[in-house]
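Here it is, the structure, as structure tokens.
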Amino acid sequence: MHNENSDNTGKLRQIIEGKLNSFYGRTLDNASEEEIFQAVALSLRDRILERAAKAGEEIARRGMKTLYYMSAEFLLGRALVGNMISLGVLDQYRAVLDEIGYPLDRLEEQENEAGLGNGGLGRLAACFLDSLSTLNMPVIGSGIRYEYGIFRQRIVDGKQVEVPDDWTAKGDVWSVERREEQVEVRFEGTVEEVWAEQGLTVHHTNYQSVLAVPYDMPVIGYDSRTPATLRLWRAECPSFDLESFNKGDYSCLVQQRELAETISKVLYPEDNHIAGRMLRLKQYYFLASATMQHMVREHKKRYGDVRTLPDKVVVQINDTHPAFAIPELMRILMDEEKLGWDEAYGIVSRIFNYTNHTVMQEALEVWPEQMFKALLPRVYAIVAAISDRFSERLRKAFPGDWDKISAMSIIAHDEIRMANLCLAVCNRVNGVSQLHGEILQTRTFRDFYVISPEKFVAITNGITQRRWLAAANPALCGLIHDYIGGGFLKDSRELERLKPLADNPAFIADFARVKAQNKRCLAEHVKKTQGVALNPDTVFDVQAKRLHEYKRQLLKVLHILYLYNRLTEDASFSLPQPVTFLFAAKASPAYHRAKSIIHLINAVAALVESNPRTREAIRVQFLENYNVTLAERLIPAADISEQLSTAGREASGTGNMKFMLNGAVTLGTMDGANVEIFERVGPNNIFIFGARAEEIARMERDKSYDPKKIIDANPDVKAAVSRLVDGSLPGVDAGQFEDIYRSLLTSNYDPADRYFVLYDFDSYREVFDTVMKAYADRTAWTRKAVLNTAGAGFFSSDRTVAEYNRLIWHLESL
Ligand code: 26Q
């Protein structure tokens with residue numbers, strides 16, 4: 001046994017050295033740490049590609065159906081350790097790397113994470129690829145290879161500053177460029193319909209061409225024989241246009257090239273909000289057209305006939321962003337494959353499925369009709385035809401009900417509404433939690449539900465336990481392994497076997513030790529990266545997610561101001577134990593109020609720090625640059641998981657699941673998947689507060705909520721809110737937080753306090769008190785933590801994709 005192991009390490013060492021030789025002309029002695037990282041990554045990539053080649057062959061031979069998972073975002077994070085775990089070679093690599101003097105913990109810092117997404121929607125796509133591969137299902141993820149991912153965040157003088165994320169600066173070791181599979185994407189120009197003997201032909205002339213070049217990144221799941229292919233498209237200028245070259249119009253050429261290449265230049269950093277920009281429209285059509293051309297080409301190569309497409313492919317679109325694929329496939333089937341409308345429509349409506357991720361009106365994607373028509377004349381004509389036919393159907397379903405018909409139309413008021421297009425055409429439409437699914441059916445898309453109830457499903461989101469437990473929290477993973485074995489990595493339901501251990505004192509003690517250790521690790525990391533010292537012996541109360549008003553970071557800030565007021569004004573007031581409030585959040589650069597809330601958090605941190613009494617009791621720290629890598633350190637160290645969204649607004653949330661899995665106890669509203677966490681852990685192991693979705697909806701309907709009444713009735717709320725504008729925050733200009741103050745109290749074009757922050761304040765304060773008392777009983781608290789980990793099995797993305805498969809995709813496993 002011992003010999004075999006050292007044999008293996010010897011071989012592995014040779015392989016890594018071989019990569020160093022052939023790629024960089026280096027040896028282990030003179031290579032840089034960066035080169036070592038690349039060599040190690042390449043050695044892993046080889047193993048994955050080998051499996052991918054075999055799997056691809058078998059999928060083709062057996063004629064298996066393939067899923068195209070289309071998404072404008074894939075928030076992958078780092079890949080090194082995850083790939084080692086998936087391939088079952090972590091220990092081997094660890095040993096070799098120790099031997100050659102580059103311990104894994106250090107080497108992994110060499111990798112820039114692939115941050116090609118904003119938040120939940122993008123990270124969900126990444127978890128799905130991991131689960132699909134783990135379940136050996138054939139899948140191609142299709143996205144955009146942004147040159148710059150989500151910006152890196154610095155905090156300067158308490159304010160967010162954005163820095164470009166040049167994630168491929170040191171090369172992209174995981175991807176394979178497949179230039180021979182490039183396709184051409186056409187923008188602008190004019191279309192002419194010509195009737196000839198063979199029927200209708202469409203001439204598209206004077207268009208601008210952009211090349212789409214695919215980069216394939218293999219993503220391998222745990223112990224999988226079937227790596228997923230993530231195909232990311234990069235925009236390039238087509239090769240020299242000789243005419244302008246001969247005319248000597250060099251600067252025009254360069255300009256054209258830049259224009260083409262801007263398409264995949266940068267990820268739009270808006271989350272749950274629309275900015276109707278031309279470039280974004282170009283990005284989305286670019287993704288749609290490249291993917292559909294590739295899909296049809298591949299199918300014809302394999303099966304010859306486009307009519308069998310629905311037997312061999314299924315497409316899931318991650319929100320509406322890739323929805324141009326619907327008219328694009330119609331275009332290909334009609335204009336290039338010469339199918340008639342009805343046949344093409346029949347195929348398309350069987351292939352496409354749409355996941356909705358939001359009920360917020362401002363995040364529903366719409367495009368100005370004129371912009372759309374000018375940029376995509378042929379696709380526009382097809383959307384207009386779909387829209388006309390759908391309107392006719394609506395007139396029959398709702399005769400004379402013009403308000404309803406207009407609200408459901410695909411094109412209306414000079415706008416193209418992408419959600420309505422998807423609802424009209426797709427085979428299935430799904431929400432991402434039970435509550436969200438219900439809200440879609442009864443409110444957001446109620447009238448669509450009336451005409452096509454069979455389309456609607458609700459499938460609760462999930463997360464991969466490989467990344468969010470095994471990779472992120474090796475200590476807890478090891479402990480669980482010791483008690484119930486490693487089966488939970490493939491079958492998350494096995495975590496339930498931890499339940500009886502909640503009453504086992506030895507296990508409880510070990511569990512608490514792991515948490516304490518993770519808190520020390522986080523503190524060390526924060527010391528290293530931000531130069532501030534956190535006290536790991538305090539409660540770590542964490543709110544980490546995108547900054548958005550509906551997520552209510554502001555509720556927590558006001559609560560901290562309340563605690564500050566009590567601590568400074570009432571000598572008899574105290575907390576049962578000191579608490580560290582940790583915030584981590586990026587704000588969209590154009591979302592001024594969100595950025596201002598970050599500034600406010602830092603100002604409140606300074607206020608708390610400035611007073612000796614409050615400094616002893618509480619501490620506020622904003623952690624810079626929240627990304628997947630930081631989440632992997634932060635979440636395992638959390639005691640309390642803050643999930644404060646206004647009920648009915650958060651479609652699901654997935655951070656809530658990651659915290660739960662890592663033994664943090666949720667303090668949250670009955671919103672999104674929190675509801676289902678509540679159902680699984682029971683009322684004793686979660687802390688729920690605030691108005692329920694129904695109550696919020698009622699207040700919105702009858703406009704009965706008036707935050708002024710709350711301020712007048714509750715002096716604590718009034719005092720906390722006053723701090724925003726009374727000049728007591730250190731280092732802050734007068735009027736700095738006026739806008740936030742007014743958002744809570746005055747209604748001009750917006751209703752005052754539209755997210756019910758003040759309405760839920762008292763309920764939050766009360767429950768926070770209960771949480772503090774509960775934490776003081778350390779054994780009872782750890783028991784709750786254990787029961788959260790034990791109950792988290794349902795929230796595995798393995799379960800989620802299995803459900804998609806049963807209800808929508810109908811794929812076979814390899
Ligand atoms: C809007 C208009 C035009 C173009 C783009 C957009 C846009 C871009 C990004 C709209 C929304 C997003 C991102 C949404 C998102 O991340 N939603 C989150 O999805 C998670 C996974 O389902 C859920 O858990 C979260 O509740 C939801 O907020």
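In each ligand, atom 1 is the first atom listed, and ligand 1 is the first ligand listed.
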Report summary line: Within 4.0 Å of some non-hydrogen atom of G653, the atoms of ligand 1 are 23 (C), 24 (O), 25 (C), 26 (O)
**Report entry** Residue part near ligand 1, for N461, under 4.0 Å between non-hydrogen atoms
**Finding:** side chain
Query raised in the report: Judged by atom type as modelled, is there a donor-acceptor pair below 3.5 Å linking the side chain of E162 to the main-chain atoms of F151?
Result: no
Requested in this report: With heavy atoms under 4.0 Å as the rule, classify the contact between W367 and ligand 1 as side chain, backbone, both or neither.
Outcome: neither
Query - Donor-acceptor under 3.5 Å (T358 side chain, M360 main chain) - result: yes
Query raised in the report: What atoms in ligand 1 come closer than 4.0 Å to a heavy atom of E270?
Result: 8 (C), 9 (C)
Query raised in the report: Between D130 and R466, is a salt bridge (Lys or Arg N to Asp or Glu O under 4.0 Å) present by the stated rule, with each step listed?
Result: CA-CA 8 Å; D130 179 85; R466 271 79 58 180; 2.8 Å; yes
Report task. Examine distances only and state if a side-chain atom of D541 and a backbone atom of S641 form a donor-acceptor pair shorter than 3.5 Å. Result -> no
Requested in this report: Using distance alone, determine whether Y284 and ligand 1 share an N or O pair under 3.5 Å.
Outcome: no
**Report entry** Spacing of I677 atom CD1 and F659 atom CZ [to the nearest 0.5 Å]
**Finding:** 11.0 Å
Report task. Could you tell me if any non-hydrogen atom of G672 lies under 4.0 Å from any atom of ligand 1? Result -> no
Query raised in the report: Does E365 reach ligand 1 with a nitrogen or oxygen that is under 3.5 Å from one of the ligand's nitrogen or oxygen atoms?
Result: no
Query raised in the report: Taking the minimum heavy-atom distance to atom 25 (C) of ligand 1, which of E650, M657, R123, M418 ranks first?
Result: E650
**Report entry** Side-chain donor or acceptor of T666 paired with backbone N/O of G668 under 3.5 Å
**Finding:** no
Query raised in the report: Do the non-hydrogen side-chain atoms of Y68 and I351 ever get within less than 4.5 Å of each other?
Result: no
Report task. Please state which part of R280 comes within less than 4.0 Å of ligand 1, counting heavy atoms only: side chain, backbone, both or neither. Result -> side chain
Requested in this report: Have a look at ligand 1 and work out which part of H321, if any, has a heavy atom under 4.0 Å from it: side chain, backbone, both or neither.
Outcome: side chain
Requested in this report: Could you tell me whether F372 and F324 have their ring centroids closer than 6.0 angstrom?
Outcome: yes
Query raised in the report: Where the side chain of E369 meets the backbone of I411, is there a donor-acceptor pair that is under 3.5 Å apart?
Result: no
Requested in this report: Check each atom of ligand 1 against the heavy atoms of A651 and keep those under 4.0 Å away; list them by number with element.
Outcome: 26 (O)
**Report entry** Geometric N/O contact L121 with ligand 1, under 3.5 angstrom
**Finding:** yes
**Report entry** Proximal atoms of ligand 1 relative to Y550 (non-hydrogen, under 4.0 Å)
**Finding:** 28 (O)
